[in-house]
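Reminder, nothing fancy here: chain letters follow the sequence lines and each chain counts from 1.
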There are 2 protein chains.
Amino acid sequence: MMNTMEKRPVYLRVRDELADKIVSGIWQANEKLPAERQLSEQFSITRVTARQALVQLEAEGLIFRSNRRGWFVTPQRINYDPSRDIGFVSYVEEQGFSARTETLSKTLVEVPDWVADAGGIARGTPVYEILRRRYINERPCLIEKIYLNPKNCPGLLQHSLNQSLWHLLRTEYQLDPAERDLEIYPQTLDAPVAEALGVNTGSTGLYIRRVCRDQNGEFLEIDEEFWLHNAMKVVVQVSSKSL
Amino acid sequence: MMNTMEKRPVYLRVRDELADKIVSGIWQANEKLPAERQLSEQFSITRVTARQALVQLEAEGLIFRSNRRGWFVTPQRINYDPSRDIGFVSYVEEQGFSARTETLSKTLVEVPDWVADAGGIARGTPVYEILRRRYINERPCLIEKIYLNPKNCPGLLQHSLNQSLWHLLRTEYQLDPAERDLEIYPQTLDAPVAEALGVNTGSTGLYIRRVCRDQNGEFLEIDEEFWLHNAMKVVVQVSSKSL
DNA sequence: TCGCCAATCTGGTATATACCAGATTGTAAA
DNA sequence: TTTACAATCTGGTATATACCAGATTGGCGA
């Protein structure tokens with residue numbers, strides 16, 4: 001049992017000690033923490049209590065878990081501006097991280113109803129669906145689901161999609177969005193997404209939906225992103241559009 | 001013990017049953033769930049396991065807890081656009097909810113360093129600091145910390161601040177922001193904020209920082225918001241500002 | 001009728017223990 | 001040297017139990 005003079009619950013005092021080692025830099029980004037059984041011995045607590053402290057730190061974003069491998073120190077958040085279409089990779093590299101995109105699938109599918117409604121096209125229309133996974137410093141950080149109207153970019157799927165999509169859309173198809181609707185909120189990751197990111201189903205994430213439209217209000221691209229909640233900060237700059 | 005034929009862990013199957021009652025509407029918004037001991041008896045599991053299911057549902061945003069009172073069904077998320085300065089109350093009421101703002105404190109303080117740096121004023125300058133709590137359907141949903149430069153709005157603290165702040169700034173002081181920088185990310189709520197919202201310290205929240213500037217890039221208002229993570233959706237519309 | 005306090009209800013924290021399953025590793029066989 | 005597999009390490013899930021402290025409630029007394 002730890003020093004018992006204070007009122008603060010044991011698991012929070014353990015949390016504090018661990019948090020200290022992280023913020024002070026004794027434990028570096030991506031470094032593995034001692035095993036749960038080891039921690040419980042060190043602090044003379046049960047594994048259950050140790051876990052409570054770890055789950056707390058996870059919720060705070062200070063550590064993350066990798067299925068049955070252990071707990072690791074969360075690296076610094078990157079900044080991310082979903083309203084800008086500069087390439088993800090160069091955007092991340094500007095911040096001193098490495099980045100990589102992987103295309104998981106690219107198919108022609110019947111448009112999901114909500115995409116049809118949000119995008120102003122008829123239900124049942126065929127659209128391109130692209131699924132990508134993006135890495136920051138070789139850590140998978142988000143899954144991205146993209147919908148495009150083939151009318152605007154015929155033959156798109158023939159291209160390699162591991163590069164900046166908007167660069168391609170601009171240079172090959174002369175597409176340029178005039179307006180974007182963003183929707184952002186915390187949400188748990190469902191099974192397929194969690195699996196693709198190598199985390200536990202039900203762990204919390206950040207959901208971003210982006211609808212890009214052209215000058216006529218017609219939809220160019222619809223984009224759903226499922227982020228690890230601790231991987232980034234949304235940073236948006238909005239110039240005035242008085243009410 | 002529940003039906004043991006499936007591989008899905010017990011606590012997730014309990015989760016599913018409870019989630020069902022919520023999404024199907026059998027349990028309505030703000031309705032209290034059965035007590036943990038009651039649930040563990042109903043499902044023939046221990047209280048620890050029942051708790052695991054509840055914590056899971058909490059992470060998903062389907063239920064929330066009120067300290068030692070019980071678990072309740074989370075009401076629907078409201079939409080929230082931090083880039084618009086229309087009154088919070090009318091904005092929420094448009095969506096069919098009731099809203100209310102409470103001023104917790106209004107003082108003249110020495111500017112925090114990060115505010116000085118972000119706002120482009122000298123460190124140590126005195127600024128107004130306003131602390132407000134906002135309710136949706138009588139549920140406290142966010143704590144707001146506002147910084148203003150007294151130079152721009154002398155005597156502001158004499159006014160009632162339970163109304164739309166920007167309405168006041170516009171009509172009384174002719175202030176109008178030209179640009180806003182937003183920063184949004186999930187973060188756990190620290191002790192004072194969690195307490196003010198009546199939730200447990202360490203529960204997850206959504207953090208929003210807004211820096212409003214005038215035409216000259218000078219800061220008009222800086223605003224930090226700490227939201228319950230399940231109370232809202234950020235919805236922003238951005239018109240084009242090509243890269 | 002109103003206010004206060006005790007009993008009770010509810011979640012919060014903690015111990016001790018057990019077995020399972022995926023990930024990693026070390027060693028022996030090919 | 002490389003491959004394959006068994007031992008081991010690590011987190012994941014689950015039981016049983018206990019005591020604490022804040023919140024609610026019900027009843028008694030003024």
Quick check on [N]: is either OP1 or OP2 less than 4.0 Å from any side-chain nitrogen or oxygen of [X]?
| X | N | answer |
| --- | --- | --- |
| B:Thr49 | D:dT15 | yes |
| A:Arg65 | D:dG12 | yes |
| A:Arg37 | D:dC9 | no |

Once you round it to whole Å, what is the distance between [atom2] of [N] and [atom1] of [X]?
| X | N | atom1 | atom2 | value |
| --- | --- | --- | --- | --- |
| B:Asn67 | C:dG12 | CG | P | 6 Å |
| B:Gln56 | D:dG12 | CD | P | 13 Å |
| A:Tyr11 | C:dA14 | OH | P | 7 Å |
| B:Ile63 | C:dG11 | CD1 | P | 10 Å |
| B:Trp71 | D:dA23 | CH2 | P | 16 Å |
| B:Gln52 | D:dG11 | CD | P | 16 Å |
| B:Arg8 | C:dA21 | CZ | P | 17 Å |
| B:Arg68 | C:dT10 | CZ | P | 14 Å |

task = Kindly indicate whether the side chain of B:Arg69 and the base of D:dA23 share any N or O donor-acceptor pair separated by less than 3.5 Å?
result = no
key: Side-chain donor/acceptor contact of A:Arg51 with base of D:dG12 under 3.5 Å   = no
ask   = Of all the choices, C:dT10, D:dC19, D:dT15, which nucleotide is nearest to the side chain of B:Thr46 once you look at every atom?
value = D:dT15
request  = When you get a sec, tell me which of D:dA14, C:dG11, D:dT15 is the closest nucleotide to the side chain of B:Ile45?
outcome  = D:dT15
task = Verify the ring-centre separation between B:Trp227 and B:Tyr80: is it less than 6.0 angstrom?
result = yes
inquiry  = Would you call the rings of A:Trp114 and A:Tyr147 parallel, tilted or perpendicular, taking 30° and 60° as the class edges?
reply    = perpendicular
Could you tell me whether [X] and [Y] make a salt bridge, using a distance below 4.0 angstrom between a side-chain N and a carboxylate O?
| X | Y | result |
| --- | --- | --- |
| A:Glu138 | A:Arg100 | yes |
| A:Arg15 | A:Glu60 | yes |
| A:Glu129 | A:Lys145 | no |

remark   = Comparing B:Gly70 with B:Val48, nearest DNA chain C nucleotide closer to 5' gives the residue B:Gly70
